[in-house]
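Okay, so here's the structure we're looking at.
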Protein chains: 2
Amino acid sequence: MKPTIKDIAARAGVSKTTVSFAINNPTRISKETCDRILAIVDEMGYFPNPVARTLTTKRLGSLGLLLPQPLPEVLNNPHLCDIISGIGEECEKRGLSLTMLPPVQGRIIEAARRAFVDAIVTIGVGPDHEVVDFLNSHGIPFVTIDGEETSSTVNVGIPDEKAAYDLMKHMLSLGHRKMAILCVKPDTKSIAENDHRSIVLEKRLSGFSRALNEVGLNLVAPDISLLETEGSLVGGKNAGEKLFVLEPGTRPTAIVAMADIIALGTYAAAREASLSIPVDISIAGFDDIEQSRYYEPALTTMHQSGRQKGQKAAGMAIELLNGGHPAHCSFPCNLIVRASTGPVPSRSASYKSS
Amino acid sequence: MKPTIKDIAARAGVSKTTVSFAINNPTRISKETCDRILAIVDEMGYFPNPVARTLTTKRLGSLGLLLPQPLPEVLNNPHLCDIISGIGEECEKRGLSLTMLPPVQGRIIEAARRAFVDAIVTIGVGPDHEVVDFLNSHGIPFVTIDGEETSSTVNVGIPDEKAAYDLMKHMLSLGHRKMAILCVKPDTKSIAENDHRSIVLEKRLSGFSRALNEVGLNLVAPDISLLETEGSLVGGKNAGEKLFVLEPGTRPTAIVAMADIIALGTYAAAREASLSIPVDISIAGFDDIEQSRYYEPALTTMHQSGRQKGQKAAGMAIELLNGGHPAHCSFPCNLIVRASTGPVPSRSASYKSS
DNA sequence: AGTGACTTGTAAACCGTTTTATAAATCATG
DNA sequence: CATGATTTATAAAACGGTTTACAAGTCACT
C-alpha cells in the first residue's frame, strides 16, 4: 500500500539508514546515492510516516487548538474564526497542520489528554484552569489567548480592562445612563471547569465599572442590566427582543455587547420593534469583525485583531517548542466610532433636565 | 517525565503485555491483577502514548479535512464554516479530533500527502482531481463534498443544476432580463490543479442556462454578465461597485451570487450607490447562511444545509473506515424567497412594452 | 492418572522511523 | 607503503506501544 522506508531501501538496494539520511541529512552520504534514492522516493511517492518519525524525533508537525466550546459554536463566532485564521496562517507558513480540539465530554482537559500535537494554543483558559497544570506537568508547550499573564502561562491578549473602560466612556459621554450589557453565556459544561469567558469578562466588567463609577453609577445600579446571551446572532436577537418590549422610560437607551456578533443580532430585534439605531437606541460591540462595517448602520465597536492574536500565539507556541522563551504579548486596541451610537434620546435624558 | 508502559510494568511487577491488556483488554487477565495495575496507572497518571499506539493499531483517532483554500479564506465563508461545523459535530460524537488540511504550497495533494489521519473529507474536489487518485491508490478512505457522484468517489451534495434552474426561474418570473451572475473566483493556485469550485459552478451554470434558454436567452447573451469575485463580503462589494456605476439602462436589474456572503457584500455597494433593494436592484444568493435573515432586506436565497452535508460526509467517511459502503448522498434544497428580490423596475422592463 | 479445555501471564516480534556505533573503503601524507 | 583521517554505508538499538504465539498452571471429566 503506502510505501515504507523499507520498500525504498529495497528498491534502491541500500539500507534503511541510507534512505533516512538521503531525506534528512543529505550531506551524510554521497551525492550520487542521495540523488538516486531521492529519485526513487519521488517515483514511488514515498513520504515518511509522521507517526513513526515522531516516536524518535518527538516532533509531529501539528499544532493543537484547544477550543473552549464545541466546534459549531466556535465557528459561529467570527472573532474566534479570525483567531483561528491567524493560527492557521502561521501553521501554513511553518508547514504544520492544525488540529481542532473541542472539549471532550464537555471537558477541555480530556481534549488535551488525547491531543496528538507538538504544541498547543488555548483560547480563554485562565491560569487556574486544570488544563494548565496538566500541560505544564507533561511538558507540553502551550500559549494562552485571552487568558492571564502569569508565570505559569504565556499569554496573548489585549488590555481588556482599558478597552471596556474606553467603550463605556464613549457611551456615557453620549449621555446614556440606562444601559444593557450583553455577556456571552458560558455553556454549563464549561462553567464546571472555569469557563473561558470569565477571564475576559471579568476584566471588561471591571473596566465598565471604573467608567460607571466616575459618573456615580455601578454595575449593580438599577439602570444597568447585565444579560447573558448566546454568543451568536440569535443570542443577540433574543436579548434585544427582551429589552425592546420595555416601556420607553425604563428601556435602556444603549446596548453594549461583548461581541459584535451579538450586537448585530440585536439589530434584527430593533427593526422588529421599529426602533431606529442610533436615534432610539445606541448599540456597540467588541471585536470589530468584518461584518460590522457592512450592516446598516455600521457598528461602533472596540477594534481588536483576532488574526493578529492567532498568528502571534501560534508563533510563540512554536518558539516555545524550539526552546525559546517568548514574553507575554498584549496588542493595542482602539475604539471605532461608527453610526450605531448617538446621543441619548432627549425624552429619556432625565439627567439633562436636572 | 511522562511515565511509559515500561514504568507501570516495572512498578506492578508484571510484563508490558499485561499492562497493555489491563488497559485494552481487561477480560484477558485476572480481575485482581487488572485492578492492581489500573490503580498504579491512575496513581502515576499514565496515559498510553497515542503516537506509539497508532503505529500498531493504525488508528489515529483523527479525521482530516482537505480544504480547497487557505484557512483564512475558508473561515471567511460561512457556508464552509457550516460544513466544518457539521463535520466537527460528527467527530465529537465519535470521539475523533479534526485536522484541518489547507493546501500546501498551493497544492491540495501535498496536504493529503502529509496528512496523518484515519479518513478524509474533501470539499469541492472532482473525480478528475489528482488527489482522488492519490487517496484511492493509497487506500485512504475519503468522502467528497460538492464533488461528483462517480464510481471512484463517494459524494455528498445537493442537486446544484436544479437549484440554479429554480433560482433563475424565480428571477425571470419577476421580469428580470438584464442580470449579473457573481461567481467565486478560484485562486490561481487552485486553478492549476482543477479548482474545486468548478464542479459546482459548472452544474449551476448549466442550470442557469436551461432556465435562460426557456425565455430565449443564454449565458453569453449581452445582457447577462458573468463576473468573478472573491468569495467574501469584500468580493461582493467590489463586484457591486463595478456594476452600479453603469447607466440605469444598461445596468443589470438583478444580481445572482453563487454564495450568500457575496450577495450580502453587494448590499454595501448598493447603499453607497443609493440604490434601493429590491426596488432598483434585486439580489439573490446561494446557501441560506444565518446572516442572510439578519440583513435588511432579508436575502432571497437557495437554501442548503452545510451542517447537514458536513455531518453526513463525516459519518460516511467513518463508515468507509469501518469497512462499510455508503452510497452517494444528495440533500434536497429549496428556494427561500425573502425581501431582496422584486419585480423588475418598470422603466427597465422593455420586454413589457412589446 | 491422563486428557483436553480454560485461565493467566509472558517473551518476542512488530509497527516505521531516527540515531548511534561501527565497519569498510578511500584518500592524503610523511 | 604503512598510517591516520575522512567518506560512505550499514547493522542494531531505540522510541512506546500492541499483538501473536506459546508456556505454565487450573480445572473438570473420564
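In what follows, chains carry the letters A, B, and so on, assigned in the order in which the sequence lines appear, proteins first and then strands, with residues in each chain numbered from 1. This is a predicted model, so every value here is computed, not measured.
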**Prompt:** Taking the side chain of B:Thr57 as its heavy atoms from C-beta onward, which of C:dT17, D:dT18, D:dG16 lies nearest to it?
**Reply:** D:dT18
Within-4.5 Å side-chain heavy-atom neighbours: [X] and [Y]:
{"X": "A:Ile84", "Y": "B:Met100", "answer": "no"}
{"X": "B:Pro127", "Y": "B:Ile199", "answer": "yes"}
{"X": "B:Phe116", "Y": "A:Asn49", "answer": "yes"}
{"X": "B:Leu80", "Y": "B:Glu73", "answer": "no"}
{"X": "A:Lys312", "Y": "A:Val143", "answer": "no"}
{"X": "A:Arg53", "Y": "A:Ile23", "answer": "yes"}

Integer-rounded Å distance: [N] [atom2] and [X] [atom1]:
{"X": "B:Asp7", "N": "D:dG16", "atom1": "CG", "atom2": "P", "value": "9 Å"}
{"X": "A:Leu60", "N": "C:dT18", "atom1": "CG", "atom2": "C1'", "value": "15 Å"}
{"X": "B:Arg59", "N": "D:dT19", "atom1": "CZ", "atom2": "P", "value": "12 Å"}
{"X": "A:Ile8", "N": "C:dG16", "atom1": "CD1", "atom2": "C1'", "value": "12 Å"}
{"X": "B:Leu55", "N": "D:dG16", "atom1": "CG", "atom2": "P", "value": "12 Å"}
{"X": "A:Asn49", "N": "C:dC14", "atom1": "CG", "atom2": "C1'", "value": "14 Å"}
{"X": "B:Ile23", "N": "D:dG17", "atom1": "CD1", "atom2": "C1'", "value": "10 Å"}
{"X": "B:Ile5", "N": "C:dA12", "atom1": "CD1", "atom2": "P", "value": "17 Å"}

**Message:** Applying ring pair (Phe, Tyr, Trp, His ring centres under 6.0 Å), can you list everything that pairs with A:Phe134, at least two apart in sequence or on another chain?
**Reply:** A:His138
**B:His328: partners by ring pair (Phe, Tyr, Trp, His ring centres under 6.0 Å), with sequence neighbours left out** = none
**Request:** Starting from the first five and the last five pairs of the helix from C:dA1-D:dT30 to C:dG30-D:dC1, work out the angle between the resulting helix axes, to 10 degrees.
**Result:** 60°
**Request:** Answer yes or no: does atom NZ of A:Lys6 have more than 12 heavy-atom neighbours from other residues, nucleotides or ligands under 6.0 Å?
**Result:** no
**Fill in**
Note: B:Leu320 and B:Pro141 closest approach over all heavy atoms is CB-CB, 3.8 Å
**Message:** Would you say A:Lys58 places a side-chain N or O within less than 4.0 Å of OP1 or OP2 belonging to D:dG16?
**Reply:** yes
**Message:** For C:dT18 and A:Ser20 - does any side-chain N or O of the residue sit under 4.0 Å from the phosphate oxygens OP1/OP2?
**Reply:** yes
**Asked** Heavy atoms under 4.0 Å, any strand shown: does B:Thr4 hit a base, just sugar-phosphate, or nothing?
**Response** sugar-phosphate
Can you give me the N/O atom pairs linking the protein to nucleotides 8-10 of chain D at distances under 3.5 Å, or say none if there are none?
residue	atom	partner	partner atom	Å
D:dA9	OP1	A:Thr33	OG1	2.6
D:dA9	OP2	A:Ser30	N	3.1
D:dA9	OP2	A:Ser30	OG	3.4
D:dA9	OP2	A:Thr33	OG1	3.3
D:dA9	N7	A:Arg28	NH1	3.4
D:dA9	N6	A:Arg28	NH2	2.6
D:dT10	OP2	A:Ser15	N	3.0
D:dT10	OP2	A:Ser15	OG	3.4
D:dT10	OP2	A:Thr18	OG1	2.6

**Request:** Assess B:Arg113 against A:Phe47: is NZ or CZ under 6.0 Å from the centre of the six-membered ring, and within 45 degrees of the ring's axis?
**Result:** no
**salt bridge (Lys or Arg N to Asp or Glu O under 4.0 Å) against B:Arg11, all qualifying residues, sequence neighbours excluded** = B:Glu43
**Item:** Interface with DNA chain D, restricted to residues 38-46 of chain B and to heavy atoms under 4.0 Å
**Value:** B:Tyr46
